Novice: 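Pasting in a structure now, in structure tokens, and then I'll have a few things to ask.
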Amino acid sequence: MANSVIPVEVVPYNPGWKTEFNKIKERMLEMVGDLILSVEHVGSTSVEGLSAKPIIDLDLVMESYTVLPEIIERFQQYGYRHRGNQGIEGREVFERTADDGFMNYHLYVCPQDGKGYLEHIAFRDYLRTHPSAVEEYEQVKLSLARQYRYDREAYTEGKTEFVRSILDKAMH
């Protein structure tokens with residue numbers, strides 16, 4: 001096998017994710033706290049009771065894109081690479097280039113009025129207040145993880161319709 005494929009792994013909710021988020025958040029605040037408004041725990045690990053891939057999603061919220069160049073420069077000094085928005089407006093992706101001792105995480109820097117950030121928050125907050133949607137989403141994710149164990153793109157694509165339906169409800 002030429003390139004190793006990391007299987008899609010959806011695991012039961014772990015209360016330790018909250019603790020891990022807080023550790024990563026503290027580190028982010030040390031690095032760029034003076035340049036951002038807040039650090040938000042988003043994604044499935046931020047919803048109590050929801051099975052998820054064991055990867056913390058963080059949105060660092062900036063006032064506007066005017067501070068992004070300074071954030072990029074500061075993060076580079078700490079070993080992070082800016083990966084652009086990867087096709088999602090209002091969300092800049094950063095990647096660790098070295099192990100920093102934390103569990104896996106995805107790091108996004110978003111303007112406070114950015115579409116990516118607003119959707120992350122709307123989706124998270126909707127799930128946090130709608131247990132039946134959490135159960136439904138969990139079933140979708142578990143089924144897709146079985147079906148597309150070695151195809152992350154297909155797994156992610158498979159969730160799109162459900163995510164869109166929740167965002168339609170949450171944002172209107």
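Just so it is clear, the values below take in all heavy atoms, side chains as well, and ignore hydrogens, waters and symmetry mates. Treat the numbers as computed from the prediction; the structure is a model and nothing was measured.
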Novice: Please say whether more than 12 non-hydrogen atoms of neighbouring residues, nucleotides or ligands are located less than 6.0 Å from CD in E89.
Specialist: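 Open: at most 12 neighbouring heavy atoms sit under 6.0 Å from CD of E89.
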Novice: Where do Q112 and E63 land on the side-chain contact (heavy atoms from CB on, under 4.5 Å) test, with the steps shown first?
Specialist: CA-CA 6 Å; Q112 62 184 339; E63 195 167 333; 3.5 Å; yes
Novice: Working to the nearest 0.5 Å, report the span between CG of L167 and CZ of F162.
Specialist: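 Rounded to the nearest 0.5 Å, the CG-CZ separation comes to 10.0 Å.
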Novice: Would you call K23-E26 a salt bridge at under 4.0 Å N-O?
Specialist: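 Judged by the 4.0 Å cut-off on N to carboxylate O distance, K23 and E26 do not form a salt bridge.
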Novice: Is there a continuous path of hydrophobic side-chain contacts, each under 4.5 Å between heavy atoms, that joins L127 to V10?
Specialist: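 They do share one cluster, since a chain of ILVMFWY contacts under 4.5 Å joins L127 to V10.
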Novice: What is the distance from atom CE of M28 to atom CD1 of I36, rounded to the nearest 0.5 Å?
Specialist: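 Reported to 0.5 Å precision, the distance equals 9.0 Å.
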Novice: Enter the distance from L29:CG to L35:CG here, rounded to the nearest 0.5 Å.
Specialist: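 One gets 11.0 Å once the value is rounded to the nearest 0.5 Å.
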Novice: V109 and F94: side-chain contact (heavy atoms from CB on, under 4.5 Å), yes or no, with the steps?
Specialist: CA-CA 8 Å; V109 175; F94 287 81; 3.4 Å; yes
Novice: Looking at every non-hydrogen atom in both residues, tell me the closest pair between S46 and G43 and how far apart they are.
Specialist: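 For S46 and G43, the tightest heavy-atom pair comes out as OG-O, 2.6 Å.
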Novice: In this structure, are over 12 heavy atoms from other groups packed under 6.0 Å from K18 atom NZ?
Specialist: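 At most 12 heavy atoms, drawn from other residues, nucleotides or ligands, come within 6.0 Å of this atom.
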Novice: How many angstroms lie between atom OG of S44 and atom OH of Y13, to the nearest 0.5 angstrom?
Specialist: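 Nearest 0.5 Å value for the OG-OH distance: 11.5 Å.
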Novice: Given the rule that I, L, V, M, F, W and Y join up when any side-chain heavy atoms are under 4.5 Å apart, are L60 and V42 in one cluster?
Specialist: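 Result: no, two separate clusters.
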Novice: Let me see the working for H41 and I24 under side-chain contact (heavy atoms from CB on, under 4.5 Å), right down to the final yes or no.
Specialist: CA-CA 10 Å; H41 189 184; I24 301 166; over 6 Å; no
Novice: Using 4.0 Å as the upper bound for N to carboxylate O, is an ion pair formed by R91 and E119?
Specialist: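 No salt bridge links E119 with R91.
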Novice: Under 3.5 Å, sequence neighbours excluded: what are the donor-acceptor pairs made by side chains of residues 51-58?
Specialist:
residue : atom : partner : partner atom : Å
S51     : OG   : E138    : OE2          : 2.7
D57     : OD1  : H106    : ND1          : 3.0

Novice: Could you give me the CA-CA distance, side-chain angles and deciding distance for Y155 and Q147, then say whether side-chain contact (heavy atoms from CB on, under 4.5 Å) is met?
Specialist: CA-CA 8 Å; Y155 167 81; Q147 188 177 353; over 6 Å; no
Novice: Rounded to the nearest 0.5 Å, how far does CG of L144 lie from OG1 of T160?
Specialist: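 The distance works out to 9.5 Å.
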Novice: Check the hydrophobic clustering (I, L, V, M, F, W, Y; side-chain heavy atoms under 4.5 Å; chains of links allowed) and say if V8 and V11 are grouped together.
Specialist: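 No, V8 and V11 fall in different hydrophobic clusters.
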Novice: More than 12 non-hydrogen atoms from neighbouring residues, nucleotides or ligands closer than 6.0 Å to CD on E161, yes or no?
Specialist: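 Not more than 12 within 6.0 Å, no.
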Novice: A side-chain contact here means heavy atoms from C-beta on lying under 4.5 Å apart; do R96 and F102 qualify?
Specialist: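 R96 vs F102: side chains touch.
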Novice: Please answer whether the main-chain N or O of V61 pairs with a side-chain N or O of D59 as donor and acceptor at a distance below 3.5 Å.
Specialist: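 No, D59 side chain to V61 backbone: no donor-acceptor pair under 3.5 Å.
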Novice: Nearest 0.5 Å please: distance from the NE2 atom of H120 over to the NZ atom of K115.
Specialist: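 Going from the NE2 atom of H120 to the NZ atom of K115 covers 10.0 Å.
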Novice: Look only at the side chain of T156 and the backbone of R152, and say whether a donor-acceptor pair between them is shorter than 3.5 Å.
Specialist: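 At least one qualifying donor-acceptor pair exists.
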Novice: I121 and L50: same hydrophobic cluster, using ILVMFWY side-chain contacts below 4.5 Å?
Specialist: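 Yes, same cluster.
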Novice: State, with a plain yes or no, whether a side-chain heavy atom of H130 is found less than 4.5 Å away from one of V134.
Specialist: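 No, every pair of side-chain atoms sits at 4.5 Å or beyond.
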Novice: Are more than 12 heavy atoms, taken from residues, nucleotides or ligands other than Q77, located less than 6.0 Å from that residue's CD atom?
Specialist: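 Atom CD in Q77 is crowded, with more than 12 foreign heavy atoms closer than 6.0 Å.
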Novice: Assess whether atom CD of E95 is packed by more than 12 heavy atoms of other residues, nucleotides or ligands within 6.0 Å.
Specialist: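 Counting neighbours around CD of E95, more than 12 heavy atoms of other residues, nucleotides or ligands fall under 6.0 Å, so yes.
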Novice: Do I88 and L118 sit in one hydrophobic cluster, given that two such residues count as connected whenever their side-chain heavy atoms are within less than 4.5 Å of each other, even indirectly?
Specialist: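 I88 and L118: separate clusters.
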Novice: Remaining members of V93's ILVMFWY cluster at a side-chain heavy-atom cut-off under 4.5 Å?
Specialist: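 So far as hydrophobic clustering goes, V93 is joined with Y108.
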Novice: Taking the ring centre of each residue, are Y137 and F123 less than 6.0 Å apart?
Specialist: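 Yes: the rings meet the under 6.0 Å criterion.
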Novice: Side chains of residues 64-74: which donor-acceptor partners sit under 3.5 Å, not counting sequence neighbours?
Specialist:
residue : atom : partner : partner atom : Å
S64     : OG   : T66     : N            : 3.3
S64     : OG   : T66     : OG1          : 2.8
Y65     : OH   : E92     : OE2          : 3.4
E70     : OE2  : R74     : NH2          : 3.3
R74     : NH1  : M31     : O            : 2.8
R74     : NH1  : D34     : OD1          : 2.8
R74     : NH2  : D34     : OD2          : 3.2

Novice: Centre-to-centre under 6.0 Å for F75 and Y80, is that the case here?
Specialist: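 Ring centres of Y80 and F75 closer than 6.0 Å.
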Novice: If you compare all heavy atoms of G90 against all heavy atoms of P111, which two are closest, and at what distance to 0.1 Å?
Specialist: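 Looking at all heavy atoms of both residues, the closest pair is O-CD, 3.7 Å.
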Novice: For the backbone of Y126 and the side chain of T129, can you confirm whether one donor and one acceptor N or O come within less than 3.5 Å of each other?
Specialist: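 Answer holds: yes.
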Novice: Check whether any side-chain heavy atom of R124 sits under 4.5 Å from a side-chain heavy atom of E40, and report yes or no.
Specialist: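 Yes, at least one pair of side-chain atoms sits under 4.5 Å.
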